[in-house]
Amino acid sequence: MRQGKPMTIYAEMAAHLNAALDALEKGGVLPAGLDRGPITLEPPRDASHGDMATNAAMVLTKGAGKPPRVLAEALAAELGALDAVRWVDIAGPGFINLTLSDDAWRGELRQIQALGDDYGRSNIGGGTTVNVEYVSANPTGPMHMGHCRGAVVGDALAQMLEYSGHRVVREYYVNDAGGQVDVLARSVHLRYCEALGANVGEIPEGLYPGDYLVPVGQALAAEFGDRFVSGDDGAWLALFRTRAVAAMLDLIRADLALLGIHHDLFTSEAAIQADGLPAAAEIWLRAHDLVYDGVLEAPKGEVAEDWEPVELPLFRSSQFGDDQDRPIKKSDGSWTYFGADLAYHHEKAKRADALIDIWGADHAGTVKRIKAAVAALTGGKTGFDVKLVQMVRLLRDGEPVKMSKRSGNFVTLADVVREVGKDVVRFTMLTRKADAQMDFDFARVVEATKDNPVFYVNYAHARAASMARRAAEAGVDYAAADHDAIDLSHLDTVDLGLARIAATFPRMVESAATAREPHRIAFYLNDLAAAFHGWYNLGNDDPSRRVVQAENAERTMAKLFLTSAIGQILRNGLHLMGVEPVDEMR
RNA sequence: GCGCCCGUAGCUCAGCAGGAUAGAGCAUCAGAUUCCUAAUCUGGGGGCCGUGGGUUCGAAUCCCGCCGGGCGCGCCA
């Protein structure tokens, strides 16, 4: 039966289903070569239908030229003969419902324990490389809460993809070539002068006012003295830009570290340009008639008075569904953000099989052009997905927190992490699907109630851990026991209901990774925690259902085995989210 | 005007590559502490899944139109 490399129960049953279909082909019930792609084997919504259900008979009816019930009966006969299957029935339009034996579920619990941290890991990625670019905040200041959700979603996604058999590169694109870094350099110059005793007064409109630039100015003053106080900015602008960006990246890296986020690669836009990549891309695109010199139409909607038609090199993004063609260079000859960005994506595509960008929803309008450019430059060979992450509204005491970048009065990521903790921030950011707006209420995310999934899931894990402690106090030492020798026949069908939910973890992770939707982990964990809390509370009415039963060490051991398997699943899920499981709550 | 996202219980949201009687939490009502954290649990009430078509054995899910809401829209980043 269970031999070779360990298989989870869904994988095992899927293999059995395939073998049964092979048998039907051999017996002439099914023609050979039917597409089995649409066949599913999944838990039915209604648990009373059994443990697993397959639509195989309905899906194959057309190709087989036989009614679903006929196919279902033949298939049911094959499947019913399996040891693991206790009961088969055919229902509705032709569903085949399987009820597995208790021993099959007991076996799955052992599988969870045997695989441990790897229960849920898969190789659906087949070792292909996925590049996930996330955060990529402008290097002009510390991280603020506007960056937070994309950071967490991207990081959890990367983690999930790795767990699902991809090689993952976590990348940060440093926008160090635009006008905003000149502004940064000038803002730092002001702080530099200030450090040398100049009275700078109010920070002028158009420069970054934040105090975080003060130490950068001081460091430059200490290093260069008053050499750059007066005189042409050509003498210092490039130097200050470099130093300021480096300092900002240090701040950003430190902020990300607070969230447990570490990128593998920081790629500089300026370096991309210095290496001539945009120019090379332009030549290629011109050769393929995807870039031409043309004049943009005036913008629709609100009419701008300062609109002037200018001839620019334009990318034919309108051929790919964009509203209009997009310039890759400005009228002063420098590259637009888009012009550099397409070259950057081309570069990334050379070293990965698939690209994923995590962007804020405010950049939604630019998705089409970059997708079009990437498709053109890679010949459509590299998968490219842009995941948009919607805004987070910060609430304190039910009131929206006002933020203004201008005054420097934005809520920093570091402040929030300090206030509520890394794990609360990470978990909360994953409790909505990425493309739905969400509220982040400072009071609610730290609430210790079941309304707060962060707490609720962690509580389940802590509860699982505390049971082993309590049992030890009562003289049943689970940690020291020989786990293979524990007799799981003490677990009945009710107990094994938890195993049924736990067993769906691997397929849930796979589907979440495939769909690139890390929030599904959070919802699953919440469901598992609920089932676990419910199971635990059965002991209130019926003492024989308690976990710790000092007078019955064997039964206690079996219950602890189950408890610890659930703890393992909770841990594996939390790990994917980048959240530390807690063993104890105070 | 155009593009993207969204419309599911009173509120906040899930709904797993279409599946069987649509789920959870909050709120509300009724219950449960001889036990491992009641920081929890059990049960009730509450829905034309925005709307009209289409695809098929089967649609909240896929396609098209409409209605309603959010966001974005210049050579910015």
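Lettering of chains follows the sequences in order, A, B, ..., and the numbering in each one begins at 1.
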Anti versus syn assignment for A38(B), with syn defined as within 90° of 0: anti
Sugar-phosphate only, base, or nothing, as touched by Ser331(A) at under 4.0 Å among non-hydrogen atoms: base
Pairing partner of G18(B) (Watson-Crick or G-U wobble, both distances under 3.5 Å): none
Check: Asn452(A) side chain, A39(B) base, donor-acceptor under 3.5 Å: no
C1' atoms of G50(B) and G68(B), separation to the nearest Å: 7 Å
Aro-ring/base stack Phe95(A)-G19(B), d under 5.5 Å, angle under 30°: no
Nucleotide forming a Watson-Crick or wobble pair with A59(B), both distances under 3.5 Å: none
Given A17(B), U34(B), A20(B), the nucleotide with the shortest approach to the side chain of Asn97(A): A20(B)
Tyr524(A)-Phe505(A) aromatic ring centre distance below 6.0 Å: yes
Minimum-distance nucleotide to Arg463(A) side chain [options: U40(B), C57(B), A20(B)]: U40(B)
Nucleotide forming a Watson-Crick or wobble pair with C41(B), both distances under 3.5 Å: G31(B)
Touch class at under 4.0 angstrom, heavy-atom based, for Asp542(A) against every strand present: nothing
Residue Asp541(A), side-chain heavy atoms: nucleotide from C75(B), A32(B), A39(B) that is nearest: A32(B)
Lys/Arg N to Asp/Glu carboxylate O, Lys348(A) vs Glu133(A), below 4.0 Å: yes
Given G15(B), U37(B), A77(B), the nucleotide with the shortest approach to the side chain of Lys433(A): G15(B)
Counter-base of G25(B), judged by Watson-Crick or G-U geometry with both distances under 3.5 Å: C11(B)
Under 3.5 Å on both distances, the Watson-Crick or G-U partner of U51(B): G65(B)
Sugar-phosphate only, base, or nothing, as touched by Val183(A) at under 4.0 Å among non-hydrogen atoms: nothing
Base A14(B) paired with His519(A) side chain (donor-acceptor, <3.5 Å): no
Any donor-acceptor N or O pair under 3.5 Å, side chains Tyr292(A), Asp325(A): yes
Touch class at under 4.0 angstrom, heavy-atom based, for Asn55(A) against every strand present: base
Nucleotide forming a Watson-Crick or wobble pair with C71(B), both distances under 3.5 Å: G3(B)
Sugar-phosphate only, base, or nothing, as touched by Arg520(A) at under 4.0 Å among non-hydrogen atoms: sugar-phosphate
Base of A20(B) and ring of His49(A) stacked, centres under 5.5 Å, planes under 30°: yes
